[in-house]
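A short worksheet on the structure shown next.
Just so you know, residue 1 is the first one in the sequence shown, and it goes up from there. In listed order, ligands and their atoms are each counted from 1.
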Amino acid sequence: MQPRDLSDHVAYEAGRGIEEVARELGRDPSEFVKLASNENPHGPSPAATVALREAASSVSSYPKAAHADLSAAVAERWDVSADQIWLANGGDGAIDYLSRATLEPDDTVLVPSPGFAYYGMSARFHHGDVREYDLEREDDFEQSADAVLSAYDGDRLVYLTSPHNPTGTTIPLAEIETIAAETDDDTLVVVDEAYGEFADRDSAVALLEGRDGFDARDDVAVLRTFSKAYGLAGLRLGYAVVPDEWAEAYARVNTPFAASELACRAGLAALEDDEHVARTVETTEDARAYMREHIDAHVWESEGNFVLVDVGEASAVAQAMQESGVIVRDCSSFGLPECIRITCGTEEETERAVDTLNDVLESAGTGSEVSET
Ligand SMILES: *Cc1c(COP(=O)(O)O)cnc(C)c1O
């Protein structure tokens, strides 16, 4: 007996972890810094850590009240109703709920290339097919309604990532509105704002609620996560904000108790800790500017908590940096074999990453390819 035909499915390639790399190289984990998975260099909010300890003794109960409390708090944050918040096991879990709520067999989803692998994975799990629109390197991966609409062909879901992983670009709300307006009535535009806190931009929640001069729409949903700015990647907590018209579908598609007691309690505490998020965003802005100024290679402008760097040969450079103790993301699996992505670390981590990268580039003799940004 075999699983169904999974030959179209590909495994998710996560950034490599310190333990894993240290073990492989036979070295001590303390020698490494990991800037490969866009995690928060300040760790979780201290308030969330306290909440986790306090909630530990309650995990014998199903998380009913905690789930309701967190939905209400997140809804208040966005000024929407609680049933418009689809809590999930990470932003990835929210992507699955949107797939479940929309896809019939052979429906297609339109995703960016390069882009986040899980959009396509989730579609395939739900018997959908994947189509791509290209973000062009010559245009610095600029996102526009034209780029999306010229590839669009009646797809059921259209994914936009703003800020975009791994390039760091964003798409203006007016362009998103154009995409939503020009696509069919039953196409849902999903705006993935996993890195929204790091960008000086308004959320696309304005489009579904009809704020800031936009008309309210029932064909845009927004994804957010606690994994990045809130520093809770290990807990797996994220959500979709959906139009009022979609609210009722959640009860029909969600896993019973979509987020754990610990995740909900920590999420509630983290949501209140504005100071931790503000500090994280400030560190990120400093690190982005530092990397753009000091890396001896082309660094694209980014609105996320990472930068994309053209290093020529990503796998060799990432490997060499790793041997010097700095783990970064080789973007070959994103279809960018010449690029690495470096997460914004603390000041010290970021400086170490830059020094290490510049040394690697110099000894590889590619330092002369320096292009000004
Ligand atoms: C990190 C990330 C997510 C969500 O990650 P979770 O840890 O599942 O919340 C979603 N989209 C993009 C583009 C990401 O980089």
**Study point:** Under-4.0 Å salt bridge between Asp274 and Arg77
**Key:** yes
Revision key, fill the gap. heavy-atom search around atom 11 (N) of ligand 1 in the protein gives Asp192 OD2, 2.5 Å
Check your understanding: Is there any N or O on Thr161 that sits under 3.5 Å from an N or O of ligand 1?
Key -> no
Review point. So how far is it from Asp134 CG to Ser150 OG, rounded to the nearest 0.5 Å?
Key: 8.5 Å
Practice item. With heavy atoms of Ala194 as the reference, note each atom of ligand 1 found under 4.0 Å away. Key: 2 (C), 3 (C), 10 (C), 11 (N), 12 (C), 14 (C)
Check your understanding: Starting from atom 15 (O) of ligand 1, which protein heavy atom do you reach first, and at what distance in Å?
Key -> Tyr195 OH, 2.6 Å
Practice item. Apply the side-chain contact (heavy atoms from CB on, under 4.5 Å) test between Trp246 and each candidate in Leu208, Thr102, Val241, Asp219; give the one that qualifies. Key: Thr102
Study note, to complete from the structure: Ranked by distance from atom 8 (O) of ligand 1, the top protein heavy atom is Arg236 NH2, 2.7 Å
Exercise for review: Within a distance under 4.0 Å of any heavy atom of Ser227, pick out the atoms of ligand 1 and give their elements.
Suggested key: 6 (P), 7 (O), 9 (O)
Point to revise | Option among Val130, Val109, Val111, Thr187 that satisfies the side-chain contact (heavy atoms from CB on, under 4.5 Å) test with Leu157 | key: Val109
Practice item. Compute the minimum heavy-atom distance from Gly90 to ligand 1 and say whether it is under 4.0 Å. Key: yes
**Study point:** Exercise: identify the closest heavy-atom pair between Ser99 and His126
**Key:** CB-ND1, 3.4 Å
Exercise for review: Mind checking whether Asp92 contacts ligand 1 via backbone (N, CA, C, O), side chain (CB onward), both or neither, at a 4.0 Å heavy-atom cut-off?
Suggested key: both
Review point. Going from NE2 on His164 to OH on Tyr159, what distance comes out if it is rounded to the nearest 0.5 angstrom?
Key: 13.5 Å
Exercise for review: For Asn165, counting its heavy atoms only, list the atoms of ligand 1 lying under 4.0 Å from any of them.
Suggested key: 13 (C), 15 (O)
Exercise for review: Specify the protein heavy atom at minimum distance from atom 3 (C) of ligand 1: its residue, its atom name, and the distance to 0.1 Å.
Suggested key: Lys228 NZ, 3.5 Å
